[in-house]
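In the text below, chain A, chain B and the rest are named by the order of the sequence lines, each starting its count at 1.
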Number of protein chains: 2
Amino acid sequence: MRREVTLRDVAELAGVSSRTVSNVVNGYANVTARTKERVQRAVDELGYRPNVLARNLAQGRSGQIAVVVPYLDTPYFAELLQSVIRAARISGYNVLIDQTDGDPEHERGFIAHGSRRLLFDGVIFSPLGLDQQALADRDPALPLVILGERTSDGTFDHIGIDDVAASRQATEHLLDLGRRRVAAIGDQPYATGEAAQLRTRGFRQAHEGRGRPVHEDLIIGTPRFNRPDGARAMAHLLDGENPPDAVFCYSDLVALGAIHAILARGLRVPEDVAVIGYDDIEDGRYSNPTVTTISPDKEWIATTAVERLLLRIGSSTPPPGLELRAPHKLIVRESTTGTISRQ
Amino acid sequence: MRREVTLRDVAELAGVSSRTVSNVVNGYANVTARTKERVQRAVDELGYRPNVLARNLAQGRSGQIAVVVPYLDTPYFAELLQSVIRAARISGYNVLIDQTDGDPEHERGFIAHGSRRLLFDGVIFSPLGLDQQALADRDPALPLVILGERTSDGTFDHIGIDDVAASRQATEHLLDLGRRRVAAIGDQPYATGEAAQLRTRGFRQAHEGRGRPVHEDLIIGTPRFNRPDGARAMAHLLDGENPPDAVFCYSDLVALGAIHAILARGLRVPEDVAVIGYDDIEDGRYSNPTVTTISPDKEWIATTAVERLLLRIGSSTPPPGLELRAPHKLIVRESTTGTISRQ
DNA sequence: ATGAAAGCGCTAACAA
DNA sequence: TTGTTAGCGCTTTCAT
């Protein structure tokens with residue numbers, strides 16, 4: 001294979017120094033129109049294209065950001081990633097994606113001072129297996145933006161919706177429909193289950209606010225927020241002594257699984273059991289019945305995450321870590337109000 | 001910020017040359033147990049970690065592969081990517097992901113001899129906007145594996161299922177249920193629609209094989225294979241003079257959209273219209289009704305793609321381009337046979 | 001505005 | 001088995 005065309009080759013042909021070629025290629029100032037044109041011609045003639053690897057080494061940066069999520073095939077993340085990639089591309093960044101399966105070791109590897117560290121200039125991270133403590137114990141020089149429920153300790157930005165408020169709102173919606181035995185599927189009463197716990201808190205607040213008792217036996221935990229877990233939990237509830245007449249699910253996938261389980265028993269949604277989800281993924285807009293849900297502004301989350309991360313990457317002195325609240329809203333569909341609301 | 005620990009620092013402390021340290025760090029042979037240990041101690045003491053960027057430049061490779069798909073939020077791709085990432089990681093490769101939105105220019109940029117070229121050592125590519133010709137016109141040195149329907153020209157590997165056979169099988173299933181007016185949603189009668197055309201061919205073959213006439217007015221094109229397009233096409237069919245009693249959809253998303261449209265009119269699935277999809281995404285296993293579908297072996301596709309790509313990357317003389325057929329099977333669910341088959 | 005030259009940190013060909 | 005050293009191709013400080 002013949003040698004690649006280098007900057008020096010171009011410089012030689014154009015009769016200038018490599019410094020000047022570099023200036024032209026990178027669009028820096030201080031180049032006469034004449035030299036610029038001469039260089040440009042040489043570039044075209046030789047078919048020169050810069051070697052990214054060399055540039056990376058010289059600059060000490062990779063031009064990549066990493067986005068680390070627990071599961072890629074979760075529609076919520078897939079939809080979010082889509083927007084992140086777009087936003088990053090606009091700023092000239094490539095996106096390295098990895099999924100961790102929620103494995104703490106794997107997650108740690110991404111924020112630790114490891115050998116992969118230089119592969120990306122910053123990380124947008126949605127942790128699942130790492131608690132607050134493990135998060136704090138990381139490469140302090142790594143620009144980091146956290147998605148989901150972890151509180152910022154001031155050294156990174158955190159972006160999420162107000163989970164407590166959103167969950168309260170969701171639960172109130174069910175209570176206001178006159179439902180009396182409202183269940184919750186998705187609680188995770190352990191260190192890494194912060195997000196779930198916030199939702200459970202909102203669930204309780206709604207009951208308090210409406211002066212209704214919380215049915216503790218109707219709060220069900222699930223290891224993950226996916227369809228199978230949702231179906232399993234719902235089946236369990238329906239097998240119980242006093243099955244619920246409404247369910248607040250901690251994700252739309254859980255809701256879809258739950259609905260599947262309800263219908264499988266010949267019961268109706270929402271007549272027998274009303275179901276509300278969380279995330280507003282596209283599935284819920286086309287399912288039968290369509291799913292009432294809490295809709296976070298994913299576009300806002302994605303663009304803000306990229307924006308904040310690039311700002312961090314570009315700053316010599318790290319900006320203070322912010323707590324950012326993304327907008328959200330309740331979207332009412334058939335799974336709580338029936339076909340009446342069909343548009 | 002204090003200087004990073006380099007290979008030389010380690011060498012100095014251990015009293016050996018940097019060459020030896022490099023050998024130890026990379027696990028090469030030819031190192032005495034004693035020197036090895038001495039070096040290792042120095043590494044630990046200084047907290048040395050290799051600079052990937054420098055290594056990349058020196059080796060002329062990036063240790064990354066790119067996976068390029070049209071849409072990240074399509075469950076089929078999300079599920080596939082999941083397996084690709086796992087397989088790549090096992091071999092020590094990072095995965096750079098990008099979506100092209102099917103934009104031909106963008107797609108070309110990934111296989112062209114551009115400046116990003118060195119960012120990845122090879123590409124797994126699912127083209128949408130590029131036809132066969134545009135594919136051939138690329139950086140010949142780029143190791144490439146193509147997914148989906150494009151025939152290999154011998155310079156890259158191509159992996160896909162037998163679309164014609166699978167589509168024939170799907171259509172036969174509908175005909176064998178006694179359906180007479182079988183529609184097809186998803187045809188794309190233009191250069192970049194090869195995959196769709198193969199499916200249409202299988203659709204026709206099934207009719208021929210069963211001695212039934214094809215209803216040309218029931219073959220509907222869609223720009224994309226997503227829920228909205230499926231719903232729209234189905235609505236169009238139902239508005240027609242002779243609505244179908246069965247539909248072969250070119251993806252599960254199309255099927256889910258179609259089912260949505262059918263139910264929205266108060267019709268029943270499968271009693272009034274039987275629906276079959278393609279891809280076997282998780283959505284179809286939990287939807288109501290569950291979706292009969294063609295299930296390609298995604299794990300096989302992903303691991304084979306990575307395997308073939310790495311083989312290409314590792315070969316000085318490129319191996320011949322293979323046509324690889326992934327296994328597939330028909331999975332019968334409620335959308336064609338009703339709740340009878342419910343398990 | 002442009003040139004000369006010293007790195008960036010690692011790998012690997014060549015020697016010893 | 002280990003050391004020496006010349007790159008890899010670009011960026012960037014310091015001169016001019």
A.B. asks: For every nucleotide of nucleotides 2-10 of chain C, 5' to 3': is a protein heavy atom under 4.0 Å from its base (B), only from its sugar-phosphate (S), or from neither (-)?
C.D. replies: SBB---BBB
A.B. asks: Answer yes or no: is there an ion pair linking A:D101 with A:R224, defined by an N-O contact shorter than 4.0 Å?
C.D. replies: no
A.B. asks: Is there a donor-acceptor pair under 3.5 Å between the side chain of A:D9 and the backbone N or O of A:V5?
C.D. replies: no
A.B. asks: In whole Å, what is the span from the CZ atom of B:R61 to the P atom of D:dG9?
C.D. replies: 16 Å
A.B. asks: Expressed as a whole number of angstroms, how long is the span from A:R34:CZ to C:dA1:P?
C.D. replies: 14 Å
A.B. asks: Using a strict threshold of under 4.0 Å (side-chain N to carboxylate O), is an ion pair present between B:K298 and A:D73?
C.D. replies: no
A.B. asks: Quick one: A:D9 CG to D:dG9 P, roughly how many Å, whole number?
C.D. replies: 9 Å
A.B. asks: Hey, are A:R108 and A:D137 close enough for a salt bridge, meaning a charged N less than 4.0 Å from a carboxylate O?
C.D. replies: no
A.B. asks: Go through the steps to decide whether B:S152 and B:E323 satisfy the test side chain to side chain donor-acceptor pair (under 3.5 Å), and finish with yes or no.
C.D. replies: CA-CA 6 Å; B:S152 169; B:E323 273 297 336; 4.7 Å; no
A.B. asks: In Å, rounded to the nearest 0.5 Å, how long is the span from CD1 of B:I146 to CZ of B:R308?
C.D. replies: 13.5 Å
A.B. asks: Please determine if A:E37 and A:R41 form a salt bridge, counting it only when a charged side-chain N lies under 4.0 Å from a carboxylate O.
C.D. replies: yes
A.B. asks: Between the two end axes of the helix from C:dA1-D:dT16 to C:dA16-D:dT1, each built from 5 base pairs, what angle do you get to the nearest 10°?
C.D. replies: 30°
A.B. asks: Between A:Q40 and A:D44, does a side chain to side chain donor-acceptor pair (under 3.5 Å) hold up when you go through it step by step?
C.D. replies: CA-CA 6 Å; A:Q40 192 55 55; A:D44 293 342; 3.2 Å; yes
